[in-house]
Protein chains: 2
Amino acid sequence: MLAAARARVDAGDLELPMNAVAKEAGVGVGTMYRHFASRQELLEALAAESFRDLVREARDAAANPDIAAGLTGLIRATLRRQLTDPALAWVLASGDVEHADSRGLLAELLATAQHLLARARAEGAIRADVTPDDLRRLTCGIRYAATSGGDAGPAALDRYLSILMRGIQPGAGA
Amino acid sequence: MLAAARARVDAGDLELPMNAVAKEAGVGVGTMYRHFASRQELLEALAAESFRDLVREARDAAANPDIAAGLTGLIRATLRRQLTDPALAWVLASGDVEHADSRGLLAELLATAQHLLARARAEGAIRADVTPDDLRRLTCGIRYAATSGGDAGPAALDRYLSILMRGIQPGAGA
DNA sequence: ACCTGAACACCGTTCAAGT
DNA sequence: ACCTGAACACCGTTCAAGT
């Protein structure tokens with residue numbers, strides 16, 4: 001069931017028609033709905049593994065004694081995981097997560113970012129007004145910029161990441 | 001017909017079901033399809049007016065003798081128009097424009113940006129590697145960051161715009 | 001020439017009926 | 001208890017039939 005859905009997502013299709021997935025999984029539509037109340041929950045279930053990996057990477061990044069490196073690591077990881085797993089990108093962008101597990105993962109990701117941001121702020125390594133939710137939204141935005149309406153390619157992605165990193169630096173003199 | 005579609009978009013619905021719009025416009029579905037070959041063309045037609053306004057603003061910005069102000073003006077305008085007209089945001093993000101008029105407008109917008117970027121580069125007012133298409137993608141990304149999954153509010157929008165502007169500045173020492 | 005809307009193929013979601 | 005799939009309400013798109 002999740003395998004059938006995963007096959008579709010990996011094939012670049014995020015639509016995930018419940019009827020079609022059910023048939024491919026050799027199961028009735030009703031069973032589908034008994035396990036996943038909505039398409040959103042199905043996507044969250046699909047993204048769960050990547051999400052757990054991301055949270056682990058985020059914790060590692062936050063533990064880095066070199067704060068600048070930690071911040072870069074956090075943002076890079078969030079961005080890369082979104083590009084690797086479109087389902088995760090969708091879940092992260094959608095703000096209101098439905099399943100308890102995903103909500104927990106999101107809360108932990110934001111808490112980790114909060115922690116890292118506090119340290120970075122204390123050292124003047126980041127603009128004072130950037131929040132964890134900003135990082136979530138901005139990485140989703142960069143992902144969107146790099147992929148929406150035709151892939152922009154890896155060079156462009158690096159460019160956007162670099163622009164974001166520079167953009168959140170504290171002002172030179174202001 | 002366009003009025004009926006506009007009413008829907010203004011009510012926050014970008015779905016624009018052809019059948020429903022046709023009925024609301026008091027017209028058969030076939031007529032709908034005779035005027036707009038696809039939903040995309042309908043959206044482009046809807047966005048045309050905002051698009052023309054944007055191109056005009058972009059030209060004004062590019063004509064500004066103060067290059068930094070011109071660059072800010074261009075980006076602000078592109079962002080604001082997208083927020084005002086979701087149809088325009090959709091068209092700008094979708095990359096491959098279908099209708100000749102929209103294609104012309106997009107080409108002109110990018111040419112104007114190219115012109116401004118060349119001047120800005122010459123004065124060292126911007127990173128050398130930023131292209132017009134980057135500006136298009138990045139403003140779409142910021143729009144996405146600020147609105148996707150619940151509106152982030154005007155303060156966040158200003159923050160993201162500021163981050164983008166700072167991010168495309170040339171490196172201090174690098 | 002232009003328009004209509006029935007018709008087909010789809011998809012989300014529910015729920016009576018089966019095991 | 002769990003599962004199935006027909007059934008309903010939709011939407012995109014086409015095209016024979018009307019004016």
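Please read all numbers here as calculations on a predicted model, not as lab measurements. Below, chains carry the letters A, B, ... as their sequence lines are ordered, and counting in each starts from 1. Below, all heavy atoms of this structure are taken into account, side chains as well, without hydrogens, waters or symmetry copies.
One interatomic measurement links the two molecules: CE of B/M1 to C1' of C/dC2, which rounds to 12 Å at whole-angstrom precision. Atom pair A/M18:CE and C/dT13:P shows a separation of 6 Å (rounding to whole Å applied). Rounded to whole Å, the distance from NE2 on A/H35 to C1' on D/dT4 is 13 Å. The nearest whole Å value for the distance from the CG atom in A/L14 to the P atom in C/dG12 is 13 Å. One interatomic measurement links the two molecules: CG of A/L43 to P of C/dG12, which rounds to 11 Å at whole-angstrom precision.
Under the 3.5 Å distance criterion, the side-chain polar atoms of A/S148 are left unmatched by any main-chain donor or acceptor of A/A145. The backbone N or O of B/L74 lies less than 3.5 Å from a partner atom in the side chain of B/T78, making a donor-acceptor pair. The main-chain N or O of A/T131 is found under 3.5 Å from a side-chain atom of A/D134 such that the two form a donor-acceptor pair.
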Can you give me every donor-acceptor pair (side chain of residues 88-100 of chain A, partner residue at least two apart or in another chain, under 3.5 Å) with its distance?
from  : atom 1 : to    : atom 2 : distance (Å)
A/S94 : OG     : A/V91 : O      : 3.4
A/E98 : OE1    : A/S38 : OG     : 3.1

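Checked against C/dT4, D/dG12, C/dG12, the side chain of B/V27 finds its nearest nucleotide in C/dT4.
Using a cut-off of 4.0 Å between Lys/Arg side-chain N and Asp/Glu carboxylate O, A/E57 and A/R76 are scored as not salt-bridged. In this structure, A/R6 pairs ionically with A/D10, as a charged nitrogen and a carboxylate oxygen lie closer than 4.0 Å. With salt bridges taken as basic N to acidic carboxylate O contacts below 4.0 Å, one links A/D133 and A/R136.
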*Taking Watson-Crick and G-U wobble pairs with both distances under 3.5 Å, convert DNA chain D into its dot-bracket string, 5' to 3', dots for unpaired and | for cross-strand pairs.*
||.|||||...|||||.||
Please tabulate the protein-to-nucleotide N/O contacts below 3.5 Å involving nucleotides 14-19 of chain C, giving atom names and distances.
none

*Can A/R52 and A/D101 be said to form a salt bridge (charged side-chain N to carboxylate O under 4.0 Å, His left out), step by step?*
CA-CA 10 Å; A/R52 268 189 298 271; A/D101 292 6; 5.5 Å; no
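With the nearest nucleotide of DNA chain D identified for both A/N19 and A/G26, A/G26 has the one nearer the 5' end.
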